[in-house]
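Before any comments, here is the structure.
The structure presented is a predicted model; accordingly, all values stated were derived computationally and were not measured.
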Amino acid sequence: GKSGYEHYMLKEIHEQPRALRQAISGRIDDFAPAVDLDIDLPDEYLQSIEEIQIVACGTSYHAGLYAKELLETHAGVRVTVHIASEYTFNGGRDPWRTLVLAITQSGETADTLSALRAAAHEGAQTLALTNTLGSTVTRDADDTVFIRAGPEIGVAATKTFVSQVATTVLLTVHIGQLRDVLNSQTAADLLGSLRTLPGAVQQVLDQEATMKQAAATYADSDAFFYIGRSAAYPVALESALKLKEISYDHAEGFAAGELKHGPLALVTPETPVLAILTNNAAAEKTVHNVKEVESRGAPVLGVTSDDQLTDDLNTTFEIPECGLLEPLVANVALQLFAYHVANEKGRPIDKPRNLAKSVTVE
Ligand code: F6R
């Protein structure tokens, strides 16, 4: 059941600290530091790959964009991220050296399965990242890593997004160490940030009333923009998707630097802008973009852990510091924002119109 929560979505938002602890439980050796994901793909193979091609849809695609940031920065491997329905495998002269990583909560998404199969047919090795034991993707892929988030009933993906990214951090450390590009200090920083994450997420959940208040303030708007850079950019896309799915408002995520190349024309006093100003995402540059939209009269809600910025901006929601994974903490704050905007509007949050939990047709 919903354990006293009004909606499954809210229950699942609140389950995130536990989901994250499950994702990392027994998989980290803090002393080495090292990770054990029980991966069958041989070490020599992971050392030799030239590219990882990620295929996914919707929220899982956003997790893929975040994964690209992590893998390219810390595992020394080129990564391309593909909307599964737009994907055509291209493995160059040596398809074997391309690892295709399918990210799918359900393990049943038709577009993702067909992308994976097409790549396997061309000779690529395949790895699945999923939440669902016994799902089709676990049978199709050469190897599977589970995100262990527990069942997700709400149509809008919440805890599975953060668990997907958290599990990708482990994968990044595993591959980065095998390829000798990740020093033990950075590995320790990444794993430390992962260990801090459940507590940081809990602190955000404890401030739900503040976010509910912010949502009530803006709930009359019918267009919302989200901006962020580097790892905060996929979080901007994901936060906008969440809001549009459950509130039916127009919501769009932009790379903060792209605003002035067009979208700024949409910004008015009627369009709230949610700015993700996390410490590792060039926040000082994004602040500049915040000033640009503020001067057009747009109300801005900045999500940040930086006291300096809290003083600088009109409205901020403060999150705890969380090292390299701070954008994920901001994501949780923005899940609460989306939920409360939709709830203010009386939407059927767990079953938005026209949407299904798993999309088994192409
Ligand atoms: C958004 C959402 C969808 C799914 C997408 C992929 O909240 O739930 O965008 O993320 O349909 O589903 P999976 O991950 O099951 O392949």
Atom [atom1] in [X], atom [atom2] in [Y]: separation rounded to 0.5 Å?
X: Phe146; Y: Gln22; atom1: CZ; atom2: CD; answer: 14.0 Å
X: Asp111; Y: Thr109; atom1: CG; atom2: OG1; answer: 7.5 Å
X: Leu277; Y: Asp306; atom1: CG; atom2: CG; answer: 8.5 Å
X: Leu324; Y: Leu191; atom1: CG; atom2: CG; answer: 10.5 Å
X: Glu152; Y: Glu12; atom1: CD; atom2: CD; answer: 5.0 Å
X: Ser247; Y: Lys242; atom1: OG; atom2: NZ; answer: 12.0 Å

* Verify same cluster id: Ile103, Val137 (apolar side-chain graph, 4.5 Å) ->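 No.
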Distance-only, no hydrogens or angles: does the [X] side chain make a donor-acceptor pair with backbone N or O of [Y] under 3.5 Å?
X: Gln164; Y: Leu129; answer: no
X: Arg27; Y: Asp38; answer: no
X: Lys351; Y: Pro348; answer: no
X: Thr196; Y: Cys322; answer: no
X: Asn131; Y: Gly150; answer: yes
X: Thr130; Y: Thr104; answer: yes
X: Ser60; Y: Ala56; answer: no
X: Ser106; Y: Glu108; answer: yes
X: Ser239; Y: Ala236; answer: no
X: Arg179; Y: Gln47; answer: yes

* Asked: Could you walk me through whether Thr268 and Thr271 pass the side chain to side chain contact (heavy atoms under 4.5 Å, CB included) check?
  -> CA-CA 5 Å; Thr268 72; Thr271 57; 3.8 Å; yes
* **Asp142: which of Val100, Thr126, Leu127 passes side chain to side chain contact (heavy atoms under 4.5 Å, CB included)** =>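 Of Val100, Thr126, Leu127, side chain to side chain contact (heavy atoms under 4.5 Å, CB included) with Asp142 is met by Thr126 alone.
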* **Partner of Leu259 by side chain to side chain contact (heavy atoms under 4.5 Å, CB included), out of Val290, Thr286, Asn289** =>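 Answer to the side chain to side chain contact (heavy atoms under 4.5 Å, CB included) test with Leu259 among Val290, Thr286, Asn289: Asn289.
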* To do: Determine, step by step, whether Tyr339 and Phe337 satisfy the side chain to side chain contact (heavy atoms under 4.5 Å, CB included) criterion, reporting the C-alpha distance in whole Å, the side-chain angles of both residues, the deciding distance to 0.1 Å, and the verdict.
  => CA-CA 5 Å; Tyr339 173 83; Phe337 180 80; over 6 Å; no
Step through the shown structure and confirm whether more than 12 heavy atoms of other residues, nucleotides or ligands are within 6.0 Å of [atom1] on [X].
X: Lys285; atom1: NZ; value: no
X: Glu321; atom1: CD; value: no
X: His261; atom1: NE2; value: yes

Are the side chains of [X] and [Y] in touch, meaning some heavy atoms are under 4.5 Å apart?
X: Leu170; Y: Ile28; answer: yes
X: Tyr218; Y: Val341; answer: no
X: Leu99; Y: Tyr45; answer: yes
X: Tyr226; Y: Glu252; answer: no
X: Ile13; Y: Leu205; answer: yes
X: Val329; Y: Pro320; answer: yes
X: Val79; Y: Glu69; answer: no
X: Lys11; Y: Glu6; answer: no

Whether [Y] and [X] form a salt bridge (side-chain N of Lys/Arg under 4.0 Å from carboxylate O of Asp/Glu) is what I want to check.
X: Glu292; Y: Arg296; result: no
X: Asp30; Y: Arg195; result: yes
X: Glu15; Y: Lys159; result: yes
X: Lys212; Y: Glu208; result: no
X: Asp249; Y: Lys244; result: no

* Could you identify which residues cluster with Tyr8, counting Ile, Leu, Val, Met, Phe, Trp and Tyr as linked when any side-chain heavy atoms lie under 4.5 Å apart, either directly or through a chain of such contacts? =>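 Members other than Tyr8 - counting any ILVMFWY side chain reachable under 4.5 Å - are Ile153.
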* Derivation of the side chain to side chain contact (heavy atoms under 4.5 Å, CB included) call for Thr278 and Val303 -> CA-CA 7 Å; Thr278 42; Val303 180; 5.8 Å; no
* **Contact list for residues 149-191, test ring-ring contact (aromatic ring centres under 6.0 Å, His included), sequence neighbours left out** =>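 Output for this query is empty, none listed.
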For [X] versus [Y], what's the shortest heavy-atom pair and its separation?
X: Leu325; Y: Ser193; value: N-OG, 3.1 Å
X: Asp40; Y: Asp143; value: N-OD2, 2.6 Å
X: Leu46; Y: Leu41; value: CD1-O, 4.1 Å
X: Thr158; Y: Gln16; value: O-OE1, 3.3 Å
X: Ser135; Y: Gly107; value: OG-CA, 3.6 Å
X: Val204; Y: Leu336; value: O-CD1, 4.0 Å

* Passes side chain to side chain contact (heavy atoms under 4.5 Å, CB included), Ile24 versus Leu20? Steps please. -> CA-CA 7 Å; Ile24 60 183; Leu20 287 165; 6.0 Å; no
* No-hydrogen, no-angle side-chain donor-acceptor test under 3.5 Å, Glu238 and Thr59 ->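 Per modelled atom types, Glu238 and Thr59 side chains form a pair under 3.5 Å.
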* To do: Report the residues that fulfil ring pair (Phe, Tyr, Trp, His ring centres under 6.0 Å) with His74, sequence neighbours left out, ordered by chain and then residue number.
  =>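 Checked His74 against ring pair (Phe, Tyr, Trp, His ring centres under 6.0 Å); zero matches.
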* Residue pair Ser305, Glu326: steps toward the side-chain hydrogen bond (donor to acceptor under 3.5 Å, both in side chains) verdict -> CA-CA 9 Å; Ser305 66; Glu326 202 172 291; 2.9 Å; yes
* For the residue pair Phe225 and Phe254, categorise the inter-ring angle as parallel (less than 30°), tilted (30 to 60°) or perpendicular (more than 60°). =>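 Ring orientation of Phe225 relative to Phe254: tilted.
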* To do: Tell me, with the steps shown, if Thr80 and Glu51 meet side-chain hydrogen bond (donor to acceptor under 3.5 Å, both in side chains).
  => CA-CA 8 Å; Thr80 55; Glu51 182 178 338; 2.8 Å; yes
* So, do Tyr61 and His82 have ring centers that fall under 6.0 Å from each other? ->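 Distance test on ring centres: not under 6.0 Å, no.
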* **Trace of the side-chain hydrogen bond (donor to acceptor under 3.5 Å, both in side chains) decision for Thr186 with Asn183** => CA-CA 6 Å; Thr186 313; Asn183 63 44; 2.8 Å; yes
